Amino acid sequence: MIRTRFAPSPTGYLHIGGVRTALFCWLFARKNKGQFILRIDDTDQNRNIEEALEPILHGLQWLGIDWDEGPGVDGPHTPYYQSQRNDKYRAAVDKLFRDGFAYRDFAKTEEIQSERDAAMKEKRTFTYSRRWMAETDDDAKRFEAEGRQGVVRLKMPREGKLIINDLIRGRVEFDWANEQDHVIQRADGSFIYHLANVVDDEDFKISHVIRAEEHLSNTPRQIFMIQSLGYRLPEYAHLPFVAEPGSKTKLSKRKLDKYLKNKDFAKLVQHGQSIADRIGLETTADGFNPVIVDFYEKVGYLPEAIVNYLALLGWALDDKAEFFTLPELVDVFSLDGVTKGAASFDPQKLFAFEEKHMLTKTIEEKIGLCTPFLEKAGLDPRATDLGKLISAAGDRIKVAGDILDFTDFFLADDVFPYDEAAFEKRIENEPEAKTLLELFRHELSKQDDFGPAALESLMQRFMDERKIKAPQIIHALRVAVTGKGVGLGMFETLEILGKDRVLRRMDRTLAKR
RNA sequence: GGCCCCUUCGUCUAGCGGUUAGGACACGGCCCUUUCAAGGCCGCGGCACGGGUUCGAUUCCCGUAGGGGUCACCA
């Protein structure tokens, strides 16, 4: 049975790179009819775990990544919180200690650090001298009498090689002598992640450890523990990490300021910001950052677009296929397709996937997606025919929040601001514009059928009679009824507004100046 | 600095000894067109470098360079 796991820390946010890792773990499990487990790595945190966990669980759910065991669903290996598994870790440390694979150490942090500094200065690998290692209880007492505090360290081998056959990286070789006597239990008795990780993976019967590349150099010490404890070795697959836009440095949520200097990234944020502003969303909080998944949900991205984009960041099926839904990915996913190099986060490509996925949505689906945004913006979705509006907006709605670009139609009093540049260009500086508008207004006032087709033939007749071309009247008309130079299709716009409002708006425009 | 990893268009990638080095996003142009989108067509643009191995290297090996990760009583 293939079992993979994703092990987030309750930090309060779901990092886009973390999601990618979770997605690959999940896809691998689902593809192979295995199980996906969610474990909470909270060995170091102790406050507000539930609160800090909520956005993470929610984000995964939003994306369609479900788990067979873990918070909310529980399972046969409960608890799934590391903070509740101390008895297991204690037993493991005892065993390591008993079998001579760990020792009590009484070095002070500064002492270790100065040995480390010396090694670096001499350009050689740091190896702890074990000067404060307590080999006997007497040693321990003596150190304690000096006021020292003890930790438990791994007694790593000092010779030989370790060979890891990584599913993605292939054969990776480490010299044991370069590995360090890492702490596994702190002076206060609490346990370090690596120990907990190894114990839990064994306990949860994890068959494949799929994680980001930064853990590759942690692997030897973990394998040492696995071997020392007599556990069976899982398969390893170290994924390349998600990098900053235009760089190979690991993407970090703390470097928002830096990423904002990237034009495309800034555009992504600004677009989101404009939507956030209109729905009164607080954007100073940690979550409003494209590095964090919340961002996309808040402004109305489709989860399937995020998933599709992320799946292709460091994985490919072949030289053609790019568009995938989650079930399709489950069908074709394989670790063989994972690339080795870090993949830069590209806001433009993400947005392209969003567009493509939005294109597949029906009007009904889009109504469902857009309605919450209207409500959050304080607009009444029933104030107009939303289906017609969305249909007219067509593919201009890239994310659900974009519906707010077209909500001028909801303004009841027909008093809208004019885009002055458009007004000048299309009306003021067009000698015939006002006359034509006047004449066309007259035609419209006699028109009862305000359907797009009827309006179009009316317009056609109007143009034929006066021997004018569409641009001569349509641009002016658009500015006259919307105040803007760009917008939806003209006839759809007229239909949605309805006769009364169209005439009123034209009157207002004709009276301007 | 030690150890480890990585390196094909600007970006994501296909390639697994012989290809006009393919696709996608972006970019540029053209077409369509009532604006804006969308769509269609065309174009621009790449194997980091140096040695081998081989009849033949983007592909295999070794160096070099560059990039990155990691060296916590964080996870």
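In this text, all values refer to a predicted model and were calculated from it rather than measured experimentally. Both backbone and side-chain heavy atoms feed into the values below; hydrogens, waters and symmetry mates do not. Per chain, numbering begins at 1; letters A, B, ... match sequence-line order.
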**Request:** Sticking with atom C1', work out how far B:C74 lies from B:U70, rounded to a whole angstrom.
**Result:** 13 Å

**Asked** Looking only at atom P, what distance separates B:G67 and B:A48, rounded to whole Å?
**Response** 16 Å

**Message:** Under 4.0 Å, heavy atoms only, any strand: does A:Lys250 hit a base, just the sugar-phosphate, or nothing?
**Reply:** sugar-phosphate

**Pairwise C1' distance for B:G45 and B:G29, with rounding to whole Å** = 15 Å

**Message:** Over all strands shown, is A:Lys469 touching base, sugar-phosphate only, or nothing at heavy-atom distances under 4.0 angstrom?
**Reply:** nothing

**Request:** Can you tell me the distance, in whole Å, between the CD atom of A:Glu214 and the C1' atom of B:C4?
**Result:** 13 Å

**Message:** Give me the distance, rounded to whole Å, that separates B:C9 from B:G23 when you measure between the C1' atoms they each carry.
**Reply:** 12 Å

**Item:** Donor-acceptor pair present, A:His182 side chain and B:A72 base, under 3.5 Å
**Value:** no

**Request:** Identify whether any heavy atom of A:Val151 sits under 4.0 Å from a base atom; if not, whether one sits that close to sugar-phosphate; answer base, sugar-phosphate or nothing.
**Result:** base

**Prompt:** If we take the C1' atom in both B:U8 and B:C49, what is their distance in whole Å?
**Reply:** 15 Å

**Message:** Could you tell me how far apart A:Lys263 (NZ) and B:C27 (P) are, to the nearest whole angstrom?
**Reply:** 7 Å

**Prompt:** Can you find a heavy atom in the side chain of A:Phe406 that is under 4.5 Å from one in the side chain of A:Ile397?
**Reply:** yes

**Message:** Between C1' on B:U33 and CD on A:Gln460, what's the gap in Å once rounded to a whole number?
**Reply:** 14 Å

**Message:** What contact category does A:Arg169 fall into here, base, sugar-phosphate, or nothing, at under 4.0 angstrom with non-hydrogen atoms?
**Reply:** sugar-phosphate

**Message:** So A:Leu302 and A:Lys361, do their side chains get closer than 4.5 Å, heavy atoms only?
**Reply:** yes

**Asked** How long is the gap from NZ on A:Lys398 to CG on A:Leu359, to the nearest 0.5 Å?
**Response** 8.0 Å

**Request:** Rounded off to whole Å, could you give me the CZ-to-C1' distance for the A:Phe174 and B:G69 pair?
**Result:** 11 Å

**Request:** Using whole Å, report how far OH of A:Tyr193 lies from C1' of B:A72.
**Result:** 14 Å

**Prompt:** Any stacking of A:His238 on B:G69, going by centres under 5.5 angstrom and planes within less than 30 degrees?
**Reply:** no

**Request:** For nucleotides B:G50 and B:A57, find the distance between their P atoms and express it as a whole number of Å.
**Result:** 13 Å

**Asked** Looking at CD of A:Glu214 and NZ of A:Lys250, how far apart are the two atoms once the value is rounded to the nearest 0.5 Å?
**Response** 4.0 Å

**Distance under 6.0 Å and angle within 45° of ring axis: A:Lys253 vs A:Tyr13** = yes

**Request:** Using atom types as modelled and distance alone, determine if a side-chain donor or acceptor of A:Arg85 lies under 3.5 Å from a backbone N or O of A:Ala196.
**Result:** no

**Request:** Just compare B:G22, B:A38, B:C5 and give me whichever is closest to any side-chain atom of A:Leu216.
**Result:** B:C5

**Message:** At 4.0 Å (heavy atoms only), tell me whether A:Ala352 reaches a base, stays on the sugar-phosphate, or touches nothing.
**Reply:** sugar-phosphate

**Prompt:** How would you label the contact of A:Glu173 with the nucleic acid (heavy atoms, under 4.0 Å): base, sugar-phosphate, or nothing?
**Reply:** sugar-phosphate

**Complete:** Between A:Gly487 and A:Ile168, whichever has its closest RNA chain B nucleotide further toward 5' is A:Ile168

**Message:** Let's go through A:Trp132 and A:Ile112 carefully: what are the C-alpha distance in whole Å and the side-chain angles of both, what is the deciding distance for side chain to side chain contact (heavy atoms under 4.5 Å, CB included) to 0.1 Å, and is it a yes or a no?
**Reply:** CA-CA 10 Å; A:Trp132 292 276; A:Ile112 295 275; 5.7 Å; no

**Request:** Report the distance from atom CD1 of A:Ile473 to atom C1' of B:U35, rounded to the nearest whole Å.
**Result:** 14 Å

**Contact pattern, 5' to 3', of nucleotides 39-47 of chain B - B, S or - by protein heavy atom under 4.0 Å** = ---------

**Prompt:** Reckon A:Leu488 touches a base, only the sugar-phosphate, or nothing at all at heavy-atom distances under 4.0 Å?
**Reply:** base

**Item:** N or O in side chain of A:Arg116 less than 4.0 angstrom from B:A72 OP1/OP2
**Value:** yes

**Prompt:** What distance, rounded to whole Å, do you find between the two P atoms, one in B:C36 and one in B:C30?
**Reply:** 13 Å

**Message:** Which heavy atom of A:Leu329 sits nearest to which heavy atom of A:Ala311, and what is that distance?
**Reply:** CD1-CB, 3.7 Å

**Message:** Looking at the base of B:C36, is there any donor atom on it, or on the side chain of A:Arg396, that sits under 3.5 Å from an acceptor on the other one?
**Reply:** yes

**Request:** Taking atom types as modelled, find out whether A:Arg186 and A:Thr43 have a side-chain donor-acceptor pair closer than 3.5 angstrom.
**Result:** no

**Request:** Would you tell me if any nitrogen or oxygen in the side chain of A:Thr249 comes within less than 4.0 Å of OP1 or OP2 on B:G68?
**Result:** yes

**For B:U54, the Watson-Crick or wobble counterpart (both distances under 3.5 Å)** = none

**Prompt:** Should B:G45 form a Watson-Crick or G-U wobble pair with both distances under 3.5 Å, which nucleotide is its partner?
**Reply:** none

**Asked** Does the side chain of A:Arg186 get closer than 4.0 angstrom to OP1 or OP2 of B:A75 through an N or O atom?
**Response** yes

**Message:** Looking only at the side chain of A:Lys340 (C-beta and beyond, no hydrogens), which of the listed nucleotides B:G68, B:G23, B:U7 gets closest?
**Reply:** B:U7

**Item:** Partner nucleotide, any strand, of B:U7 [Watson-Crick/G-U, under 3.5 Å]
**Value:** B:A65

**Complete:** Here the distance between atom P of B:C4 and atom CG of A:Asp166, to the nearest Å, is 15 Å

**Item:** Ring geometry between A:His357 and A:Phe353 (parallel below 30°, tilted from 30 to 60°, perpendicular above 60°)
**Value:** tilted

**Asked** Between A:Asp419 and A:Gly485, is there a donor-acceptor pair closer than 3.5 Å when you use the side chain of the first and the backbone of the second?
**Response** no

**Fill in**
Rounded to whole Å, the CE-P distance (A:Met358 to B:A38) equals 14 Å

**Asked** What's the closest nucleotide to the A:Asp41 side chain, out of B:U70, B:C73, B:A75?
**Response** B:A75

**Request:** Please determine, for B:U70, whether a Watson-Crick or G-U wobble partner exists with both distances under 3.5 Å, and give it or none.
**Result:** B:G2

**Message:** So A:Asn197, base contact, sugar-phosphate only, or nothing? Heavy-atom distance under 4.0 Å.
**Reply:** nothing

**Fill in**
Once base and sugar-phosphate atoms are separated, protein heavy atoms under 4.0 Å mark nucleotides 8-15 of chain B, 5' to 3', with B, S and - as ---SBSS-

**Request:** Between A:Glu179 and A:Val183, just flag the one whose closest nucleotide in RNA chain B comes earlier from the 5' side.
**Result:** A:Glu179

**Asked** Between B:G2, B:G69, B:G23, which nucleotide has the shortest distance from any of its atoms to the side chain of A:Thr125?
**Response** B:G2

**Request:** Name the closest nucleotide to the A:Ala470 side chain, picking from B:U34, B:A75, B:C71.
**Result:** B:U34

**Message:** Students often mix this up, so state it plainly: with edges at 30° and 60°, are the rings of A:Tyr296 and A:Tyr301 parallel, tilted or perpendicular?
**Reply:** perpendicular

**Item:** Between B:U59 and B:U7 - C1' atom distance, rounded Å
**Value:** 14 Å

**Asked** Is the NZ or CZ atom of A:Arg153 positioned over A:Tyr128's six-membered ring, under 6.0 angstrom from the centre and within 45° of the axis?
**Response** yes

**Item:** Close side-chain approach of A:Arg169 and A:Ile164, heavy atoms under 4.5 Å
**Value:** no

